[in-house]
Amino acid sequence: MEKIKFNIEDLNIFYGRTRVIRNLTFQIEQNEIFTIIGPANSGKSSFLYTLNRLNDLNSGFKKTGLLSMNQVDIYTGMDVETL
């Protein structure tokens, strides 16, 4: 059974020309407790909005890299309702 639930590879997040997350890579395993902490304006909300695709509503948003859940790319292989 596959233990990796989320796989993030070389993720970059942009709002317009401003890059707010640079080259983020890590994995979250099934049943793992995962937290995100950091100072204000460090990209925490941007990452979470990208993970649940709320950034789809922002016209200035652009991402590069891979975000997958259960080995399926959440941007190309999954619709928002399924996510």
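The analysis underlying the following values was restricted to heavy atoms, covering all of them including side chains, and did not include hydrogens, waters or symmetry mates.
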List for me each residue that meets salt bridge (charged side-chain N to carboxylate O under 4.0 Å, His left out) alongside D56, sequence neighbours excluded, and say none if there are none.
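Testing D56 for salt bridge (charged side-chain N to carboxylate O under 4.0 Å, His left out), a comparison that skips the adjacent residues, returns R53.
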Qualifying side chain to side chain donor-acceptor pair (under 3.5 Å) pairs, either residue in residues 61-70, two or more places apart
K5-N70, N12-T64
Once side-chain hydrogen bond (donor to acceptor under 3.5 Å, both in side chains) is applied, do any residues pair with N41, and if so which ones, sequence neighbours excluded?
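N41: no side-chain hydrogen bond (donor to acceptor under 3.5 Å, both in side chains) contacts found.
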Non-neighbouring partners of T82 that pass side-chain hydrogen bond (donor to acceptor under 3.5 Å, both in side chains), sequence neighbours left out
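T82: side-chain hydrogen bond (donor to acceptor under 3.5 Å, both in side chains) contacts with D79.
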Could you tell me which residues satisfy side chain to side chain contact (heavy atoms under 4.5 Å, CB included) with S42, sequence neighbours excluded, listed by chain and number?
P39, K44
Could you identify which residues cluster with F26, counting Ile, Leu, Val, Met, Phe, Trp and Tyr as linked when any side-chain heavy atoms lie under 4.5 Å apart, either directly or through a chain of such contacts?
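Once heavy-atom contacts under 4.5 Å are chained together, F26 belongs with F6, I8, L11, I13, Y15, V20, I21, L24, I28, F34, I36, F47, L48, L51, F61, L67, M69, V72, I74, Y75, M78, L83.
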How many angstroms lie between atom CD of Q27 and atom CD of E32, to the nearest 0.5 angstrom?
9.5 Å
Do other residues, nucleotides or ligands put more than 12 heavy atoms under 6.0 Å from the CZ atom of R19?
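For R19, atom CZ is crowded (more than 12 foreign heavy atoms under 6.0 Å).
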